[in-house]
Amino acid sequence: IEYRLAPENRYPAQLADVLAAVCWVRTNAGSLGIDPDRIALWGYSAGGHLSLLAAARPDLAAAGSGCAGVPAEVQACVAGAGPTDLRLLGGARPVKNFLGGGPDEIRPIYEEASPLLAADSEHPPTFLYHGRNDWVVDVEHSRRMRDALQEAGLTVELFETEGGHISAARFAEEPINRAFDFLDRSL
């Protein structure tokens, strides 16, 4: 999925784009040869954040985005090294550009855009993977997301790899294979 980028486009434009894509896939499932009741999101880093957020907040799909009468829910989610609590990254320029300010200025937006805070009993089965030495997004983000989903009684797995943000988790074969196995079981 392509989505609008910050700072030209601020949150929730990116989330709206992901949810509109889910609706488009579901609407066109017949011509695409897919089952509209077996849709998963998979993203890495910023894409992992958006996948988790879209999985948690399908209710934010805009009527004018092609979602009118089309469910934006997904049946599973895979997220690699995604930030889950944006309040923890508040001082970072990319987050300020994405949300439009610092956490002290727009705290409710930081909370709304944090998948961790949207984790509830409606969240689909989720597979998380993350490098233990990630210096861009600390592995604690995925650990906290796992814990929140477990507390809600949901199916969630976390696979931690060695290495950092790019080398270990994004291109490593083992987390990708485990994610596919998870999707086979969940869908």
Side-chain angles (χ1 to χ4, degrees), residues 1-4 11-29 32 34-63 65-67 69-89 95 98-99 109-130 137 139-160 169-170 175-176 178-187:
I1 296 170
E2 291 187 21
Y3 53 85
R4 291 171 280 175
Y11 172 84
Q14 299 79 5
L15 177 60
D17 292 347
V18 172
L19 292 171
V22 170
C23 293
W24 184 89
V25 167
R26 183 162 279 118
T27 298
N28 294 283
L32 296 171
I34 64 169
D35 183 342
D37 296 322
R38 296 178 62 204
I39 297 174
L41 288 170
W42 185 330
Y44 191 84
S45 194
H49 164 260
L50 289 173
S51 294
L52 288 167
L53 192 58
R57 298 300 311 269
D59 57 303
L60 296 180
S65 66
C67 287
V70 179
E73 289 85 4
V74 295
Q75 288 65 55
C77 180
V78 175
T84 62
D85 187 345
L86 299 186
R87 299 172 302 177
L88 300 177
L89 302 172
V95 179
F98 173 55
L99 298 178
I109 301 298
Y110 273 73
E111 292 172 354
E112 179 184 303
S114 293
L116 177 69
L117 303 179
D120 64 18
S121 62
E122 300 299 314
H123 205 282
T126 300
F127 182 85
L128 305 163
Y129 62 104
H130 213 123
V137 178
V139 67
E140 194 61 30
H141 283 267
S142 289
R143 290 173 181 162
R144 289 180 184 190
M145 189 72 188
R146 175 204 54 208
D147 294 347
L149 294 172
Q150 283 178 338
E151 286 178 24
L154 301 170
T155 301
V156 60
E157 293 179 24
L158 170 59
F159 180 71
E160 293 184 25
R170 186 169 185 188
I176 303 301
R178 286 178 181 245
F180 278 122
D181 290 342
F182 179 85
L183 290 174
D184 284 343
R185 291 189 314 271
S186 298
L187 296 174

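Start at 1 with the first residue, then count along the sequence.
- With sequence neighbours excluded, the residues that form a side chain to side chain donor-acceptor pair (under 3.5 Å) with S45 are H165.
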Quick one, E157 with R185, criterion salt bridge (charged side-chain N to carboxylate O under 4.0 Å, His left out). Give me CA distance, side-chain angles, the key distance, then yes/no. CA-CA 12 Å; E157 293 179 24; R185 291 189 314 271; 2.5 Å; yes

Could you pull out every donor-acceptor pair under 3.5 Å between side chains of residues 113-127 and any protein atom, sequence neighbours left out?
{"from": "S114", "atom 1": "OG", "to": "L86", "atom 2": "N", "distance (Å)": "2.9"}
{"from": "S114", "atom 1": "OG", "to": "Y110", "atom 2": "O", "distance (Å)": "2.6"}
{"from": "D120", "atom 1": "OD1", "to": "E122", "atom 2": "N", "distance (Å)": "2.9"}
{"from": "H123", "atom 1": "ND1", "to": "T126", "atom 2": "OG1", "distance (Å)": "3.1"}
{"from": "T126", "atom 1": "OG1", "to": "P124", "atom 2": "O", "distance (Å)": "2.8"}

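- Rounding to the nearest 0.5 angstrom, the gap separating the CG atom in L53 from the CG atom in L60 is 7.0 Å.
- A heavy-atom distance below 4.5 Å is not found between the side chains of W42 and I1.
- With values rounded to the nearest 0.5 angstrom, Q14 atom CD is found 6.5 Å from L50 atom CG.
- Qualifying side chain to side chain donor-acceptor pair (under 3.5 Å) partners for R38, counting only residues two or more places apart in sequence or in other chains: none.
- Here the side chain of S51 pairs a donor or acceptor atom with the backbone of G43 at under 3.5 angstrom.
- Here the straight-line distance linking atom CE of M145 with atom CD of Q150 works out to 11.5 Å at 0.5 Å rounding.
- Atoms SG and CG, on C67 and L19 in that order, are 6.5 Å from each other to the nearest 0.5 Å.
- For H49 and Y44, the ring centers are positioned 6.0 Å apart or more.
- Considering every non-hydrogen atom in both A55 and L41, the closest pair reads N-CD1, 4.2 Å.
- Residue pairs meeting the side chain to side chain donor-acceptor pair (under 3.5 Å) criterion with at least one partner in residues 70-80, sequence neighbours excluded, are R26-Q75.
- With 3.5 Å as the limit, one finds a donor-acceptor pair spanning the side chains of E112 and Y11.
- The ring-ring contact (aromatic ring centres under 6.0 Å, His included) search around H141 returns none, not counting sequence neighbours.
- Judged by distance alone, the side chain of H130 and the main-chain N or O of V137 form a donor-acceptor pair under 3.5 Å.
- Contact between R4 and A13 at its shortest, heavy atoms only, is NH2-O, 3.2 Å.
- By the 4.5 Å heavy-atom criterion applied to side chains, V70 and W24 are not counted as neighbours.
- When every heavy atom of S142 is checked against every heavy atom of L128, the shortest pair comes out as O-CD1, 3.5 Å.
- Residues meeting the ring-ring contact (aromatic ring centres under 6.0 Å, His included) test with F159, sequence neighbours left out: none.
- Shown here for L187 and A76, the closest heavy-atom pair between the two residues is CD2-CB, 3.9 Å.
- Nearest heavy atom pair, residue D59 against residue A56, reads OD1-O, 4.3 Å.
- Atom CZ of residue R146 and atom CG of residue L154 lie 14.0 Å apart, to the nearest 0.5 angstrom.
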Test side-chain contact (heavy atoms from CB on, under 4.5 Å) applied to T155 and F182, step by step: CA-CA 10 Å; T155 301; F182 179 85; 4.0 Å; yes

How far apart are the C-alpha atoms of L158 and R143, what are their side-chain angles, what is the distance that settles it, and do they pass the side-chain contact (heavy atoms from CB on, under 4.5 Å) test? CA-CA 7 Å; L158 170 59; R143 290 173 181 162; 3.8 Å; yes

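- Between Y3 and G47 the shortest heavy-atom distance is OH-N, 4.0 Å.
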